[in-house]
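Scroll down for the structure; my scribbles are underneath it.
Side chains are part of it too, since the values below use all heavy atoms of this structure and drop only hydrogens, waters and symmetry mates.
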Amino acid sequence: MAELYRAGGLGFAVVDATELSLRARTYKGWIPTAIADLLIERGHLDVVRRQAEAGDWLCARRVAKLLAAEDALALLRPYVDTGWWGAADAVSELLEEWGRLDDAVALVRPHAEGGERLAVRRLAELRAAQGRVDEVIALLAPGVEDWYLADALAELAGGGGRDDEVLALLPDPGRECRGRCQDDAALAGRRAKVLERQGRVDEAVELLRSFARRDNVTYVNVVEQLADLLARYGRDGELREFVAGDGGSHAAFRLADLLVERGLLDEGLEVLQPFVEAQWGRNAVWKRAELLKAAGRFDEAIETLQGCADDECILPELCTLLIERGRAEEGLAIIDDIARENGGMPADLFLWRVRLLAGCGRQEAALAELRAHPEADVWYMADELAELLTEQGRLDEAAEVLEASDRTGMRLAEIRIMQGRIEDAVTLLSEPEPKPVVVPGGWGNKATDPDDPWSTEPPF
């Protein structure tokens with residue numbers, strides 16, 4: 001495998017691994033994948049490839065998927081040569097897709113041996129795909145106190161008569177854990193997966209049940225895992241009892257799904273109803289509406305959502321559905337009622353009013369209200385105004401709005417591409433920002449400045 005990456009000489013301007021790692025968290029100086037897709041859709045693959053060859057990792061990953069194997073490897077080689085794990089991981093995925101598992105292992109192994117926990121798990125995944133269970137266990141067992149590697153052990157090392165060994169290696173719930181090991185509930189969930197795989201379903205159920213709720217705390221992941229387990233084995237009676245007990249709404253959602261899968265939508269809705277009527281029934285309202293929408297019962301879904309219209313998480317779903325169903329006028333009345341009840345219309349409510357106006361076909365009124373708003377120059381108002389103008393094909397006006405508000409990022413780049421100003425769009429996004437001045441102190445630094453708690457150097 002090494003010879004695939006040894007030779008350089010391609011003239012690519014790839015920075016070092018530290019810089020790549022930093023940019024992978026901030027995307028500064030890289031073209032976002034959505035913009036690269038837009039360029040490719042409009043026939044500008046050459047532009048995206050040029051950026052890839054100039055050190056843009058996001059473009060490189062996107063272009064590599066369109067190339068033959070050896071061309072893709074040549075494109076990605078300079079990134080891998082830096083020693084950055086992110087590049088090695090991505091290339092290992094491609095090699096696996098191409099059936100070249102030995103090459104993928106050779107690429108990942110040095111990172112795993114260097115202590116990169118993500119690489120340890122990735123190497124274990126590759127070995128599991130090759131049926132090398134002994135090596136999977138040998139790789140993961142030393143790090144089993146790390147929840148991430150413990151999850152991998154439970155997932156990858158099972159089968160083939162090794163589950164007893166896996167259970168012996170996994171930390172027991174209730175035992176004090178060291179390092180990065182998660183809480184007892186997470187440990188119980190891992191062990192339950194292995195028990196189920198062994199056919200010891202009753203033991204898995206009892207283990208999960210004992211950790212679903214402890215010390216007046218409901219462990220949602222355990223509740224959902226137990227509800228799924230009961231549903232998989234057709235233990236409806238126990239699932240209903242669980243819904244009425246510690247399982248609550250989270251178990252009710254799984255029971256409702258199970259009933260819907262059987263063609264019993266109305267029974268599923270009945271299961272949800274007590275939680276819809278509860279004081280904190282937002283999630284149940286959402287779930288009920290989703291089931292009704294999936295069944296094509298849109299009017300009932302709207303009625304369900306209207307019951308919690310003043311909830312900031314429900315309102316966007318309601319407004320979107322009203323617009324889609326041609327009932328945007330009703331949404332305007334709802335918005336105005338909420339504003340009256342709350343003594344004013346905050347910005348998020350106002351923006352939904354604008355979208356509803358546009359959904360009614362009253363685009364000019366929507367534009368006028370946006371422009372007249374006291375916060376019209378604030379970035380989120382400018383973004384909304386530019387979006388409405390773009391939808392009407394008024395690209396020059398949209399660009400002017402964004403430029404005036406200093407919003408010269410992704411949205412403006414999209415508009416430049418639509419205008420045919422490809423190089424301008426690329427320049428907007430691909431020029432890296434100047435490196436910030438490092439101020440001593442903050443997280444990750446030895447000194448501490450109480451007035452500046454942030455660090456510009458990793459770790460953050």
Side-chain angles (χ1 to χ4, degrees), residues 1-33 35-36 48-64 72-95 103-123 125-126 143 146 148-149 179-180 409-410 426-449 452-460:
M1 185 63 191
E3 64 271 14
L4 291 175
Y5 298 100
R6 186 175 297 135
L10 296 177
F12 293 11
V14 177
V15 293
D16 62 23
T18 301
E19 183 70 14
L20 284 169
S21 181
L22 177 61
R23 289 197 189 186
R25 293 193 294 272
T26 65
Y27 293 168
K28 296 300 183 184
W30 287 350
I31 304 294
T33 301
I35 296 294
V48 181
R49 180 155 190 170
R50 183 189 71 202
Q51 293 303 119
E53 294 175 352
D56 187 321
W57 168 247
L58 296 181
C59 286
R61 286 201 69 174
R62 183 66 185 85
V63 173
L73 290 174
L75 178 65
L76 298 176
R77 177 192 306 158
Y79 297 93
V80 175
D81 281 345
T82 67
W84 179 44
W85 162 244
D89 187 27
V91 173
S92 78
E93 291 178 2
L94 289 175
L95 290 166
D103 286 342
V105 167
L107 180 60
V108 170
R109 187 182 293 282
H111 293 273
E113 291 175 347
E116 169 58 67
R117 65 195 283 263
L118 301 179
V120 172
R121 175 164 182 152
R122 179 70 182 125
L123 182 56
E125 290 170 349
L126 292 168
D146 180 336
Y148 183 71
L149 300 182
R180 304 169 71 137
M410 184 169 171
V426 171
T427 299
L428 277 173
L429 296 172
S430 61
E431 290 185 349
E433 294 183 356
K435 283 196 173 183
V437 176
V438 178
V439 179
W443 295 346
N445 293 326
K446 293 181 180 179
T448 301
D449 179 354
D452 179 42
W454 304 103
S455 169
T456 56
E457 292 290 313
F460 296 97

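A pairwise comparison of heavy atoms in Tyr148 and Arg121 identifies O-NH1, 3.1 Å as the closest pair. Nearest heavy-atom pair across Pro32 and Leu58 is CA-CD1, 4.1 Å. Of all heavy-atom pairs spanning Ala17 and Gly83, the tightest one is CB-C, 4.1 Å. Nearest heavy-atom pair across Ala36 and Cys59 is CB-SG, 4.5 Å. Of all the heavy atoms in Ala64 and Leu76, the pair that sits closest is CB-CD1, 3.8 Å. Here the shortest heavy-atom pairing between Gly55 and Tyr79 reads C-OH, 3.1 Å.
Put simply, CG on Leu95 and CG on Leu107 are 6.5 Å apart, with the number rounded to the nearest 0.5 Å. Rounded to the nearest 0.5 angstrom, Glu116 CD and Leu123 CG are separated by 12.0 Å. The CG atom of Leu94 sits 10.0 Å away from atom CG of Asp89, with the distance rounded to the nearest 0.5 Å. Residue Arg61 holds its CZ atom at 12.0 Å from CG of Leu75, rounded to the nearest 0.5 Å. A distance of 10.0 Å separates CE of Met410 from CD1 of Ile31, quoted to the nearest 0.5 Å. Atom CZ in Arg62 sits 13.0 Å away from atom CG in Asp56 (nearest 0.5 Å).
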### Task
Start with the C-alpha distance between Asp16 and Trp84, add both sets of side-chain angles, then the distance that settles side chain to side chain contact (heavy atoms under 4.5 Å, CB included), and finish with yes or no.
CA-CA 8 Å; Asp16 62 23; Trp84 179 44; over 6 Å; no
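Residues Leu429 and Tyr27 form no side-chain contact, since every pair of their non-hydrogen atoms from C-beta on lies 4.5 Å or further apart. Side chains of Arg122 and Trp85 form a contact here, defined as non-hydrogen atoms less than 4.5 Å apart.
Under a 3.5 Å cut-off, the side chain of Arg23 and the backbone N or O of Trp30 do not form any donor-acceptor pair. At distances below 3.5 Å, not a single donor-acceptor pair connects side-chain atoms of Ser21 with backbone N or O atoms of Thr18.
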